[in-house]
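Just so you know, these numbers use all the heavy atoms, side chains as well, and skip hydrogens, waters and symmetry mates. Atoms within a ligand are numbered from 1 in the order they appear, just like the ligands themselves.
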Amino acid sequence: MNPKEEALKVLKEADEVANIDVYEYLKEPERVVETYFPARTKNGIEYFKGYRVQYNTALGPAKGGIRFSPTVTKEEVEALALWMVIKNALLGLPFGGGKGGVVVNPKEYEEWELENIARGFVRSIAEFIGEDKDIPAPDVYTNERIMAYMMDEYEKIVRHKAFGVITGKPIILGGNPVRNIATSLGGYYVLNEAVKLKKVENTVAIQGFGNAGQGIAKLLDGQYKIVAVSDSKGGIYCKDGIDIEKLIEVKKKTGSVINYEGCEKITNEQLLELDVGILIPAAIEGVITKQNADKIKAKIILELANGPTTREADKILYEKGVLVLPDVLANAGGVTVSYIEWVGNKRGMPFNEKETKELLKEKMVHAFLDVLEVSNKYNIDMRLASYIIALERVKQAMRYRGLI
Ligand SMILES: NC(=O)C1=CN([C@@H]2O[C@H](COP(=O)(O)OP(=O)(O)OC[C@H]3O[C@@H](n4cnc5c(N)ncnc54)[C@H](OP(=O)(O)O)[C@@H]3O)[C@@H](O)[C@H]2O)C=CC1
Ligand SMILES: O=C(O)CCC(=O)C(=O)O
């Protein structure tokens, strides 16, 4: 699948359904910074390809994560940045959308090498980022340590402290105590609203067992029966439920969930088609397509991953009555807590756990209800409804700025 084409398909459809008329202005990003930068590794000086896309900044500075992955492409980062425009606008955050990526397999490098790669990437994009310009954060295969190196490198370049240039930092460096679990917690709040509308079996399958996947597993554990989990190496299925604490230990010690004993081994494809109440894609894009959509048995799909479902698949699922809680809503808890972290950095007084959770819950529930209202008004799925709300806001900001 081509993620940019997928993102543009929904953009165009939303534009037409609600007569918004912004597609022409948003079909390309405002700026794409493409770099090829050096970093010292065990192999000597290596060069890496990196991207930072600022898709649209009408609502505020660009905001969105940076991923380290061997499969990163310019089109993927552009799509991810467009999804950030929609997500940030939908949540009412004063941010435009951005995203970054470095083409690297972090599993082949040690910590000191990843530090050099993180610092090298920041040197290559430093003039384009800033607390009020473009604010990166973690995404796939990056974490708070990488964020700390990035912030430190940026501060060395600009020669002043700049906590607000990056979010998802360690707490001691201005990070927020909820950021680590924020993507999952936001999804959890959305799911709690969704199950009030649609009663489902309490069984859950989760694809991906990193920040988003582990977080949601911890939150749902006890309340739901988590019967299947996967990572890049494959998956496991236990009809009586998985002991999540034990699974986290196994993942930490052996590197994969497949080493958990006592469950049946399954593939990532099989996991998606299990007979469960709730399916949670929390790994990569394009896993639910027109090829498998018809075989999906879950009644609710909570998209913690960005872009897991193609538009064609969306339509099949909608016809079948599956409630898809779209990425731009379901995983918006991450950037919402990033916003709270950034405000705390700017005012010089961080928000504590309780304040953050209250603000997050309020914003997520509010966004869910907004989306529900628009989806009922036009009789459309929640993804399209989310885009309509967001695009109307972006359009208004562009109008007032005299950009359209
Ligand atoms: N972190 C955040 O704040 C946010 C993340 N997201 C999205 O959530 C998704 C997951 O991100 P996050 O949890 O942060 O990333 P992590 O790097 O923490 O975890 C990624 C997980 O996905 C698994 N994975 C990678 N490739 C595959 C594959 N081909 N099939 C199945 N599983 C795979 C990895 O497996 P393994 O462990 O074996 O490597 C890992 O368990 C992404 O789409 C991301 O954009 C969205 C909003 C915010
Ligand atoms: O926290 C952030 O700023 C961005 C998170 C992100 O990259 C995402 O929501 O996909």
Cation-pi check, K133 onto F128 ring (under 6.0 Å, within 45° of axis): no
Ligand 2 contact by G168, heavy-atom criterion under 4.0 angstrom: no
Ring centroid separation F37 to Y47 under 6.0 Å: no
Results of side chain to side chain donor-acceptor pair (under 3.5 Å) for T71 - residues two or more places apart only: S69
Charged N-O contact under 4.0 Å between D243 and K225: no
Sole residue of E13, E6, E5 in salt bridge (charged side-chain N to carboxylate O under 4.0 Å, His left out) with R311: E13
Atom 7 (O) of ligand 2: nearest protein contact (heavy atom, Å): K99 NZ, 2.7 Å
Neighbour list for ligand 1 [protein residues, heavy atom under 4.0 Å]: R67, K107, D139, V140, Y141, R179, T183, G208, F209, G210, N211, A212, D231, S232, K251, N268, A282, A283, I284, L304, A305, N306, N331
Proximal candidate to atom 4 (C) of ligand 2 [heavy atom criterion; set G65, P138, G100]: G65
Near-ring test F121/F48, centroid separation under 6.0 angstrom: no
Ligand-side contact atoms (ligand 2) for residue partner G334, heavy atom cut-off under 4.0 Å: 1 (O)
Salt bridge flag under 4.0 Å for residues K27 and E24: yes
Residue and atom name of the nearest protein heavy atom (relative to atom 5 (C) of ligand 2), distance in Å to one decimal: R179 NH2, 3.8 Å
salt_bridge(D327, R383) N-O dist < 4.0 Å: yes
Ligand 2 contacted by R67 (non-hydrogen, < 4.0 Å): no
Side chain to side chain donor-acceptor pair (under 3.5 Å) partners of E153, counting only residues at least two apart: R119, R123
Atom indices of ligand 2 within 4.0 angstrom of K63 heavy atoms, with elements: 2 (C), 3 (O)
Part of I135 within contact of ligand 2 (heavy atoms, under 4.0 Å): neither
Numbering as shown, the atoms of ligand 2 that approach K87 to under 4.0 Å (heavy-atom distance): 8 (C), 9 (O), 10 (O)
Distance flag, aromatic centroids of Y55 and W83, threshold under 6.0 Å: no
Numbered atoms of ligand 2 (with element) below 4.0 Å of N306, judged on heavy atoms: 10 (O)
Where ligand 2 meets S338 - atom numbers and elements under 4.0 angstrom, heavy-atom basis: 1 (O), 2 (C), 3 (O)
Partner residues of K12 under the salt bridge (Lys or Arg N to Asp or Glu O under 4.0 Å) criterion, sequence neighbours left out: E16
